[in-house]
Amino acid sequence: MPRANEEVEALLREYADLLAITGGDAFKARAYEKAARAVAGHHDDLSKLDLKQLRAIPGVGRSIADKIAEYFERGSVAVVEEARARIPAGVRELIEIPTLGPKKAMLLYRDLGISSIEQLVDAIHDERLRELKGFGPKTEENILHGVELLRQSGGRVLIDVAMELAEEIVARLSSVDGCVRCTYAGSLRRFRETIGDVDILAAAADSAPLMAAFRELAVVAEVIASGEKKTSIRTGRGLQVDLRVVPPESWGAALQYFTGSQAHNIRTREIAVRAKLKLSEYGLFDVETGELIVSRTEEEVYQRLGLPWIPPPLREDRGEIEAALRGELPELVREQDLRGDLHTHTDLTDGIAPLEEMLDAAAARGYAYYAITDHAPNLFMQRMSDEKMLAQRERVRALDRRSGMRLLHGTELNIDPDGGVDWPAQFLAGFDLCVASVHSAFTQSRADTTRRLVRACENPHVNILGHLTGRQIGHRAPVDADFDEVFRACARTGTALEVNSFPDRLDVRDEHILHAKRYGVKFAIDSDAHSTRDLAQIRYGVGTAQRGWLTPDDVINTWPLTRLKKFLRKPSARDA
DNA sequence: GCCGTTTTCGGCCCGACTGTTTTCAGTCG
């Protein structure tokens, strides 16, 4: 996302929060929230748009467009400044506490002058909340508990952590008597890169046995709430899991609803409202008669709204509704479309499995081709040498066609701070393909990083840019670069962009994919496996690619080997 | 504050659960 868009999104969100805290028109606050979402998802750099173009963004009207323009002109917005002056920043912090919303936050500030989490905790211990209307002993307890949670966790977990937990729970609940169907929904089904909580959906005539089994799962550390239709628990490591049980005939409507995203659901419900229908998790109803129209399958629900079924990774209100209405939804790349993996390691460098084991595991996945790309010498700790690499090439050549798989001998090069890579051109020419990645100097200036990445693209032997931004979710920030410039270079030079499937990387991420695709960039979905187990993580790369609207044609490792080999001979290398 | 193939006014997604009430407001997703 362009930095300007990010700033405006944050500003609009802050103003929406401040409006909610001060009360008044709730719809006004919602309008700002909606505009914030629209701005975050907008592909153009907001700072380069005029008033008319700003107003063309759905959810941005005259007033908000003026405020955005004011922000770029003066660096601030007068009404937001005024709101900030009325409500201390600490009050806004209060609504980060689970169970504490804008109304309670305002009451705490207005009646007790509380404007920080610390003051709130002190006030509870001094029993000063007891005098407030609507605050009982249970509320105090919930607030203290919420503060504790806020302190000990950033909240979200990596997708593989959530997926493993969800699959375990689904398997357990599916075996409960009377369970007709069970699956995970929510952001996990949409393959978001991190997961705030896990949503499990089950269908059964009687919910009680499922709720009981759920509360008794070994992973449960705390039951947050439990009713007939919904139970929420928290696991030992602090992850919240919600179970919703619906009647079997409501399955489709419920799955659609609980898959989200919220923004997508708002759009589908608006379509329903315009057609004099009402969409809820129980079905699509006629508003006037209250009669149920459809609810059994997601396909029926979408169809009755005049839409084809929309794959969950697209459901972010990023244009999928419009594309669906036009009949132009992409045929998304699927895991079974992948014919090979183009970035993998062995124990010759930092992998943990020998070449043969990696090959056996890859062949078991049904791949037609497979690239071995161990690290190059400039990653000094890996102790790579020309001799080792050439010896590995001999072994790879000897093992070619084993289990029917064609092998490609490659390497993962290190892009140095100037954009150069490990070996001279002559040595590089001996590889079937080269991935090139940033492994050092992550904090260069934007201009230097941009030049560095573009130079790597211009190298005739670099076929794939590996984990472009170098980010490690929750640990290391992405490098700063003019990515538009880099994407243009990728497209121009025939360099593919990697979608690295490691759950803490997922790099490039969905937003970069959407952006790069507009320039005609091609992609490689790679596991970057360092063990046989890692090969299966490619599912997360596929999910990320789907979130970026990629089709098989966009992804070079879905192509037949002959087409792939042609792509791997860059135009600049052919001339040389 | 935004928006329009019923609308430039009058709507705005909708339901579950909790806690504090005694019929409902607040929070959440």
Side-chain angles (χ1 to χ4, degrees), chain A residues 12 15-16 19-21 23-39 54-68 79 94-108 129-130 132-143 145-146 155 185-187 190 195-201 207 211 223-233 240-246 250 253-254 256-285 287-288 305-306 317:
Chain A
L12 295 176
Y15 193 49
L19 286 170
I21 291 168
D25 187 0
F27 291 111
K28 190 166 156 182
R30 190 182 289 178
Y32 277 95
E33 269 171 36
K34 195 173 172 181
R37 270 202 312 273
V39 161
L54 286 171
R55 288 189 60 186
I57 302 171
V60 177
R62 181 184 301 278
S63 173
I64 292 180
D66 285 346
K67 288 184 180 70
I68 295 173
V79 289
L94 297 180
I95 67 176
E96 297 296 319
I97 302 170
T99 73
L100 212 167
K103 295 289 183 293
K104 286 200 175 95
M106 187 56 187
L107 209 63
L108 288 167
L129 263 56
R130 301 279 167 87
L132 290 183
K133 188 165 182 266
F135 285 75
K138 195 68 192 166
T139 304
E140 289 183 348
E141 199 180 304
N142 287 341
I143 290 173
H145 188 53
S187 53
R190 302 198 314 277
I195 307 296
D197 54 42
V198 174
D199 293 300
I200 308 285
L201 181 67
S207 70
M211 294 303 185
V223 177
I224 300 166
S226 189
E228 188 191 340
K229 295 177 172 154
K230 175 184 173 182
T231 293
S232 299
I233 61 102
Q240 182 174 330
V241 186
D242 294 340
L243 170 66
R244 298 286 300 233
V245 182
V246 298
S250 301
Q256 197 279 331
Y257 178 82
F258 291 115
T259 296
S261 67
Q262 196 183 19
H264 177 86
N265 284 357
I266 288 173
R267 294 296 306 278
T268 51
R269 285 182 177 217
E270 282 170 357
I271 291 172
V273 168
R274 277 203 290 281
K276 291 200 164 248
L277 303 170
K278 186 188 71 166
L279 180 59
S280 78
E281 56 264 54
Y282 297 110
L284 190 61
F285 298 89
V287 168
E288 290 196 350
L305 293 175
D317 192 20

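Excluded from the calculations below are hydrogen atoms, water molecules and symmetry mates; all remaining heavy atoms, backbone and side chain alike, are included. It should be emphasised that the depicted structure is a prediction, and the values quoted were computed from it without experimental measurement. Numbers restart at 1 for each chain; the letters A, B, ... are given by sequence-line order, proteins then strands.
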Peer 1: Below 4.0 angstrom from OP1 or OP2 of B/dC13, is there any side-chain N or O of A/Arg267?
Peer 2: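 Answer no for this pair, as no side-chain N or O of A/Arg267 is under 4.0 Å from OP1 or OP2.
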Peer 1: Counting any heavy atom closer than 4.0 Å, what does A/Glu141 reach on the DNA or RNA strands: base, sugar-phosphate only, or nothing?
Peer 2: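 A/Glu141: no heavy atom of the nucleic acid under 4.0 Å.
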Peer 1: Could you state the interatomic distance from NZ (A/Lys104) to CG (A/Asn142), rounded to the nearest 0.5 Å?
Peer 2: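 A/Lys104 NZ to A/Asn142 CG: 8.5 Å, rounded to 0.5 Å.
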Peer 1: What integer distance in Å separates A/His145:NE2 from B/dG19:P?
Peer 2: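 These atoms are roughly 12 Å apart.
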Peer 1: Expressed as a whole number of Å, how far does the C1' atom of B/dT18 sit from that of B/dT23?
Peer 2: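 The answer is 15 Å between these two C1' atoms.
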Peer 1: B/dG15, OP1 or OP2 - any side-chain N/O from A/Lys278 closer than 4.0 Å?
Peer 2: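 Yes, A/Lys278 has a side-chain N/O under 4.0 Å of OP1/OP2 on B/dG15.
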Peer 1: If you take all heavy atoms of A/Arg269 and A/Leu279, which pair is closest and at what distance?
Peer 2: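 Heavy atoms only, the tightest pair is CZ-O, 3.0 Å.
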Peer 1: For A/Tyr257, report the nucleic acid contact type (base, sugar-phosphate, nothing); a contact means any heavy atom under 4.0 Å.
Peer 2: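 Counting heavy atoms under 4.0 Å across all strands, the contact made by A/Tyr257 includes a base.
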Peer 1: For B/dA16, does either OP1 or OP2 sit under 4.0 Å from a side-chain N or O belonging to A/Lys230?
Peer 2: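 So the side chain of A/Lys230 is outside the cut-off, no N or O lying under 4.0 Å from OP1 or OP2 of B/dA16.
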Peer 1: Between A/Thr139 and B/dT20, does any side-chain N or O lie under 4.0 Å from OP1 or OP2?
Peer 2: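 So the side-chain polar atoms of A/Thr139 do come within 4.0 Å of the phosphate oxygens OP1 or OP2 of B/dT20, strictly under.
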Peer 1: Which value, rounded to the nearest 0.5 Å, describes the distance between A/Asp197 atom CG and A/Ser187 atom OG?
Peer 2: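 Nearest 0.5 Å value for the CG-OG distance: 6.5 Å.
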Peer 1: Using both distances under 3.5 Å as the test, list the Watson-Crick or G-U wobble partner of B/dT8, or none.
Peer 2: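 Pair assignment: B/dT8 / none.
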Peer 1: Return whichever of A/Phe135 or A/Gly227 has its heavy-atom-nearest nucleotide of DNA chain B closer to the 5' end.
Peer 2: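 Counting from the 5' end, the first nearest nucleotide belongs to A/Gly227.
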Peer 1: Looking at A/Tyr32, does any N or O in its side chain come under 4.0 Å of the phosphate oxygens OP1/OP2 on B/dC12?
Peer 2: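 For B/dC12, neither OP1 nor OP2 has a side-chain N or O of A/Tyr32 closer than 4.0 Å.
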Peer 1: For the pair made of CD in A/Glu270 and C1' in B/dT7, what is the distance, rounded to whole Å?
Peer 2: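 These atoms are roughly 15 Å apart.
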Peer 1: Nearest of B/dA16, B/dT20, B/dG1 to any side-chain atom of A/Glu281?
Peer 2: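 Nearest listed nucleotide: B/dA16.
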Peer 1: Any side-chain heavy atom of A/Leu107 within less than 4.5 Å of one from A/Lys103?
Peer 2: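 Side chain of A/Leu107 against side chain of A/Lys103, heavy atoms only: no contact under 4.5 Å found.
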Peer 1: How long is the line joining NZ of A/Lys104 and P of B/dT27, in whole Å?
Peer 2: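 In whole Å, B/dT27 P lies 5 Å from A/Lys104 NZ.
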Peer 1: By nearest atom, which of the nucleotides B/dT27, B/dG15, B/dG29 is closest to the A/Tyr282 side chain?
Peer 2: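 Selected nucleotide: B/dG15.
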Peer 1: Round to a whole Å and report the spacing from CD1 of A/Ile64 to C1' of B/dC3.
Peer 2: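 So the two atoms are 12 Å apart, to the nearest Å.
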Peer 1: Considering non-hydrogen atoms only, spot the tightest contact between A/Ser280 and A/Phe285 and give its length.
Peer 2: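 Heavy atoms of A/Ser280 and A/Phe285 come nearest at OG-CE1, 3.8 Å.
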Peer 1: At 4.0 Å (heavy atoms only), tell me whether A/Arg62 reaches a base, stays on the sugar-phosphate, or touches nothing.
Peer 2: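 Sugar-phosphate contact only - A/Arg62 comes under 4.0 Å of backbone atoms but never of a base.
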Peer 1: What nucleic acid atoms does A/Asn142 come within less than 4.0 Å of, heavy atoms only: base, sugar-phosphate, or nothing?
Peer 2: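 It contacts sugar-phosphate atoms only.
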Peer 1: Measure from CG on A/Leu201 to P on B/dG29 and round the result to the nearest Å.
Peer 2: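 Atom CG in A/Leu201 sits about 17 Å away from atom P in B/dG29.
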Peer 1: What nucleotide among B/dG1, B/dC14, B/dT20 has an atom nearest to a side-chain atom of A/Lys67?
Peer 2: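 Selected nucleotide (nearest to the side chain): B/dG1.
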Peer 1: In this structure, how many angstroms lie between the P atom of B/dC12 and the CG atom of A/Asn265, rounded?
Peer 2: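 Interatomic distance, CG of A/Asn265 to P of B/dC12: 17 Å.
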Peer 1: Closest approach to the side chain of A/Arg244, judged atom by atom: which nucleotide of B/dA16, B/dC13, B/dC17 is it?
Peer 2: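 Minimum distance to the A/Arg244 side chain belongs to B/dA16.
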Peer 1: Does A/Leu12 reach a base, just sugar-phosphate, or nothing at all? Heavy atoms under 4.0 Å.
Peer 2: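 The residue A/Leu12 makes no contact with any strand.
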Peer 1: In whole Å, I'd like the distance from the CZ atom of A/Phe258 to the P atom of B/dG15.
Peer 2: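 Value for this atom pair: 11 Å.
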Peer 1: Taking O4'-C1'-N9-C4 for purines and O4'-C1'-N1-C2 for pyrimidines, is B/dT7 syn (within 90° of 0) or anti?
Peer 2: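 In terms of base orientation relative to the sugar, B/dT7 is syn.
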Peer 1: Over how many whole Å does the gap from A/Lys28 atom NZ to B/dG1 atom P extend?
Peer 2: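 Value for this atom pair: 4 Å.
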Peer 1: Can we say A/Glu141 and A/Lys138 salt-bridge, meaning some charged N sits less than 4.0 Å from an Asp/Glu carboxylate O?
Peer 2: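 Salt bridge: yes.
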Peer 1: Classify A/Ser226 by what it touches in the nucleic acid, base, sugar-phosphate, or nothing, heavy-atom distance under 4.0 Å.
Peer 2: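 Sugar-phosphate contact only.
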